Amino acid sequence: MLNVIFSTMFFNTLTPKFYVALTGTSSLISGLILIFEWWYFKRYGTSFIEQVSINHLTPILNGNETTNSLLSNNESTTLTSSSSSAMNGLNGGNGSNNMNSCGSSNSIDSITPVTGTNECKVWKNPCALFRGAEYQRLIQYNGKEPLTFHDMNLSAQEHQTFFSCDLDEGKPEYEMMQRAWRERAPSTRIQLARDALEKNAEFTPALILLAEEEATTIIEVERLLKQALKCAENAYRKSQQLLEQGHNQEIVHKRNTNILIYVKRRLGMCARKLGKLREATKIFRDLVKEFPMMSVFNIHENLIEVLLALQNYPDVQGVLAKYDDISLPKSATICYTAALLKARAVAST
């Protein structure tokens, strides 16, 4: 009873100024959270609040019940959802936007959410195939198109997000690439990329699309990507020198950074496919070291794959320890690698 009396007296003594200050403070905090969330999403391509909720709050609230529902639901959901999303194409998909970048055939996998519902979360596959050099062989073998309209649509969205910016509007080469990314027919996409190169001989997105879709061998893909790398590095250095000139230059530099990372990663994947494992390891290590915050590209998963191929299990353990507890949904690569290392530890005892 006394607590109620004291509480009533306390609220009665509050003046309107207190409520004005309270409203203003809460609005300010909400605004700061909104700005931070927007900045985080623009920079890393994912929601900070969502990742914290999925990885930290949900396990605490749901406990073991979540794990059980995840395991049981995964068996039914994966079969249906992975069939349409398991092969998503960047045109050389990497784990990209699918990361489907300018002409890559990015595969995506479905991850069953921790809520145990029938919903699924699109996840990037960092080891996706090249459309021209690898997916095309499947088409020739069984006469079926492995990439669905949904895959192509996700690819187009990813390409436009990572390889262009608002300041590119009105530029002929970028207008052509916007059309190329949305086109379904490979011949039309390739022709538009060639037309864009005629407008700008050092236009990296067009070179990437040709490497991903026109090249029929990994060696040819590597050659075109090395050419694209020179253009990407030149553009990256130029925009880096102009960073202090304002927000517009920061936007351009972010686009150039995305392109540079993508080209380097795909070159590392070429080296991996050609058996040059140590070269691929160096490329991925350098990328992780130089761009540690670009987790949206999942470069660490490419590094894990190469280290496993080298049977360098201590280094795999080191990479896994660094990325297994980050505030991102766990991918199949992380889960299976952790299981493999645990199995090896048990088998060696």
Side-chain angles (χ1 to χ4, degrees), residues 51 54-56 58-59 62-79 81-82 85-87 93-96 99 106-114 116 120-121 123-129 134 218 264-292 294-349:
Q51 301 309 323
I54 292 175
N55 292 280
H56 299 290
T58 303
N62 293 350
N64 294 333
E65 197 176 308
T66 297
T67 304
N68 295 333
S69 64
L70 176 62
L71 292 174
S72 61
N73 196 46
N74 186 48
E75 296 177 359
S76 60
T77 308
T78 304
L79 291 175
S81 60
S82 63
S85 64
M87 286 184 153
N94 160 20
S96 172
M99 230 270 45
N106 187 16
S107 300
I108 58 175
D109 294 328
S110 296
I111 288 184
T112 306
V114 292
C120 67
K121 183 178 181 62
W123 185 256
K124 292 86 176 178
N125 178 4
C127 304
L129 306 179
E134 295 176 304
I218 299 300
K264 284 188 174 182
R265 192 190 75 238
R266 293 301 270 173
L267 276 171
M269 295 173 68
C270 285
R272 162 73 178 92
K273 296 174 187 292
L274 294 172
K276 298 181 285 188
L277 299 181
R278 298 196 180 280
E279 179 181 338
T281 302
K282 184 179 185 304
I283 292 174
F284 294 135
R285 285 191 187 279
D286 290 344
L287 281 173
V288 170
K289 185 183 299 183
E290 188 175 358
F291 305 99
M294 298 301 288
S295 58
V296 68
F297 289 93
N298 297 327
I299 301 169
H300 59 281
E301 298 191 10
N302 295 118
L303 178 58
I304 288 175
E305 181 204 11
V306 178
L307 291 174
L308 287 174
L310 288 169
Q311 298 185 359
N312 190 344
Y313 298 109
D315 283 1
V316 172
Q317 182 68 65
V319 175
L320 192 66
K322 182 177 180 181
Y323 291 96
D324 195 14
D325 295 327
I326 59 177
S327 57
L328 288 173
K330 287 185 172 58
S331 67
T333 301
I334 296 295
C335 294
Y336 277 113
T337 302
L340 172 64
L341 295 179
K342 290 178 181 178
R344 282 180 53 83
V346 172
S348 62
T349 57

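Since the model is a prediction, treat every value here as computed from it, not as a measurement.
Under the 4.0 Å criterion applied to side-chain N and carboxylate O atoms, E290 and R285 are not assigned as salt-bridge partners.
With sequence neighbours left out, V288 forms a side-chain contact (heavy atoms from CB on, under 4.5 Å) with I299, K322, Y323. Shown here are the side-chain contact (heavy atoms from CB on, under 4.5 Å) partners of A309, two or more places apart in sequence or in another chain: R272, L277.
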Side-chain donor-acceptor pairs under 3.5 Å in residues 334-343, sequence neighbours left out?
| unit_1 | atom_1 | unit_2 | atom_2 | d |
| --- | --- | --- | --- | --- |
| T337 | OG1 | T333 | O | 2.6 |

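Within the 4.5 Å cutoff, no side-chain heavy atoms of F284 are placed close to those of L307. You'll find the side chain of V316 stays beyond 4.5 Å of the side chain of P314, heavy atoms only. Counting heavy atoms from C-beta outward, V306 and N302 have side chains that stay 4.5 Å or more apart.
Annotation: the span from L320 atom CG to Q317 atom CD amounts to 6.0 Å, rounded to 0.5 Å. Atoms CD1 and CZ, from I283 and R266 in turn, are 12.5 Å apart once rounded to the nearest 0.5 Å.
Annotation: side-chain hydrogen bond (donor to acceptor under 3.5 Å, both in side chains) contacts involving residues 274-283, sequence neighbours excluded, comprise E222-K276, K282-D286.
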